[in-house]
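Only one structure is covered here, and it is reproduced in the block below.
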Amino acid sequence: MPELPEVETIRRILEPQMVNQKITDIQVFNSQVIAYPEEELFCKELKGQVISNMTRRGKFLTVYFINGDRLVLHLRMTGQLLVMPADAEVEKHTHLILTLSGGNQIRYIDVRRFGRFWYIKSEETDTYTGQDKLGLEPFDEKLTAEYLKSKLSGRKKSIKEMLHDQSIVAGIGNIYSDEILYVAGIYPERKCLELDDREWIRLAEKIPEIMTWGIETNDMTPEEYLAGKGKEYQNMPNLKAYGQAGKSCVKCGTLMEKITVGGRSSTYCPACQSCD
DNA sequence: CTAGCTTCCTGATAGC
DNA sequence: TGCTATCAGGAAGCTA
């Protein structure tokens with residue numbers, strides 16, 4: 001599931017392949033993925049648009065056009081955004097194809113169809129995507145221990161669950177919350193109420209650190225990205241907590257354990273991640 | 001305001 | 001072998 005580092009990787013790889021390209025044709029195979037406006041208008045607006053750049057906010061991507069309009073998308077669980085030649089085989093679960101003037105196509109493939117697209121005109125305020133409710137980017141200098149404390153210290157929920165709240169810090173999902181809590185030495189089920197100042201400081205430090213590390217270890221060529229169909233990320237083999245249940249902790253050798261926190265699988269080191 | 005539950009969707013896996 | 005049941009999981013929408 002793409003989280004901030006993966007979405008940023010996708011942006012870095014795809015942006016150069018899209019810039020200055022005109023959208024000459026739109027094919028919709030499953031209109032479910034179009035959240036706004038309705039399909040007919042969505043296609044009408046997109047046709048002929050020229051791409052200027054691509055940005056990321058949290059796990060959202062935005063393709064900006066030279067007239068100021070933009071296409072916002074969220075890949076959710078299984079969304080794949082690929083640029084490939086128009087004559088490549090159209091695989092199963094392809095829901096949307098945008099043909100570019102240069103001969104390539106932007107294709108959206110999504111097994112579970114949770115991902116969504118929004119087309120927003122330059123003069124329109126985005127109240128559709130939920131981006132207006134996002135919290136700080138992990139790299140924002142305003143992300144301090146004080147900020148986290150002010151937002152979370154009164155909450156009964158576990159820190160693992162609150163790291164997933166996009167309105168506090170944008171971009172963290174189930175993989176990177178495990179990684180952050182692992183390096184911060186905090187047990188995933190710890191209630192926010194119980195965290196002390198030193199732990200808030202460690203979190204404020206480790207959130208941007210882990211996100212930067214995620215982006216750097218994902219670094220790959222467009223060819224590698226396409227070969228992995230835009231879903232096999234480079235840093236998966238580097239993860240130290242997520243998916244490591246039953247393996248030895250790389251810091252202390254203790255066997256990593258898996259529990260469920262707020263309905264999400266969580267892996268942690270019983271020795272490194274203290275319960276008090 | 002917070003918390004808790006449900007919905008979306010299909011491939012993988014477990015159980016019989 | 002082949003069937004059915006269960007589950008994962010990001011985020012919104014709903015109720016209490």
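In what follows, every heavy atom counts, from backbone to side chain, and hydrogens, waters and symmetry copies are set aside. Letters A, B, ... mirror the listed sequences (proteins, then strands); counts begin at 1.
Considering only side-chain atoms of A:Arg112, the nucleotide from C:dA8, B:dC8, B:dG11 that sits closest is C:dA8. The side chain of A:Asn174 has C:dG9 as its nearest neighbour among C:dG9, B:dA3, C:dA11. Here the side chain of A:Lys92 is nearest to one of B:dA3, C:dG9, B:dG11, namely B:dG11. Considering only the side chain of A:Arg155, B:dT2 comes nearest among C:dA11, B:dT2, C:dG9. Counting only heavy atoms from C-beta on, A:Arg76 has its side chain closest to C:dA12 among C:dA12, B:dG4, C:dG9.
Counting non-hydrogen atoms under 4.0 angstrom, A:Tyr176 reaches nothing in the nucleic acid. Contacts of A:Ser177 with the nucleic acid, taken as non-hydrogen atoms under 4.0 Å apart, are absent.
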I'd like to know whether A:Tyr119 forms a side-chain hydrogen bond (donor to acceptor under 3.5 Å, both in side chains) with A:Gln49, so could you lay out the CA-CA distance, the side-chain angles of the two residues, the decisive distance to 0.1 Å, and finally the verdict. CA-CA 11 Å; A:Tyr119 188 95; A:Gln49 293 293 341; 3.1 Å; yes
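Taking the nucleotide of DNA chain C with the nearest heavy atom to each of A:Met77 and A:Gly130, the more 5' of the two is matched to A:Met77.
Distance A:Lys133 NZ to B:dC1 P: 12 Å, rounded to the nearest Å. C:dG10 atom C1' lies 16 Å from atom CD1 of A:Ile168, rounded to whole Å. Across the protein-nucleic acid pair, A:Met162 atom CE and B:dG4 atom C1' stand 13 Å apart, rounded to whole Å. With rounding to whole Å, A:Asn30 atom CG is found 14 Å from B:dC8 atom P. Taking atom CG of A:Leu75 as the reference point, atom P of C:dG9 lies 17 Å away to the nearest angstrom.
C:dG10 has A:Phe114 stacked on its base ring, the centres lying under 5.5 angstrom apart and the planes within 30 degrees of parallel.
Put simply, the residue from A:Arg202, A:Glu146, A:Lys149 that forms a side-chain contact (heavy atoms from CB on, under 4.5 Å) with A:Asp197 is A:Lys149. Screening A:Asn20, A:Ile106, A:Ile66 for a side-chain contact (heavy atoms from CB on, under 4.5 Å) with A:Ile51, the sole residue that qualifies is A:Ile106.
For C:dG10, neither phosphate oxygen OP1 nor OP2 lies less than 4.0 angstrom from any side-chain nitrogen or oxygen of A:His74. The phosphate of C:dA12 has neither OP1 nor OP2 within less than 4.0 Å of any side-chain N or O from A:Arg116. Contact annotation: A:Tyr128 side-chain N/O to C:dA12 OP1/OP2 distance is not under 4.0 Å. One finds a side-chain N or O of A:Ser265 lying less than 4.0 angstrom from the OP1 or OP2 phosphate oxygen of C:dG9. At the phosphate of C:dA11, OP1 or OP2 sits under 4.0 Å from a side-chain N or O atom of A:Lys59.
Using the six-membered ring where Trp is involved, A:Phe60 and A:Trp118 have ring planes that are tilted, between 30° and 60° apart.
Inter-residue side-chain proximity for A:Val7 and A:His74 is flagged as unmet; no heavy-atom pair is nearer than 4.5 Å.
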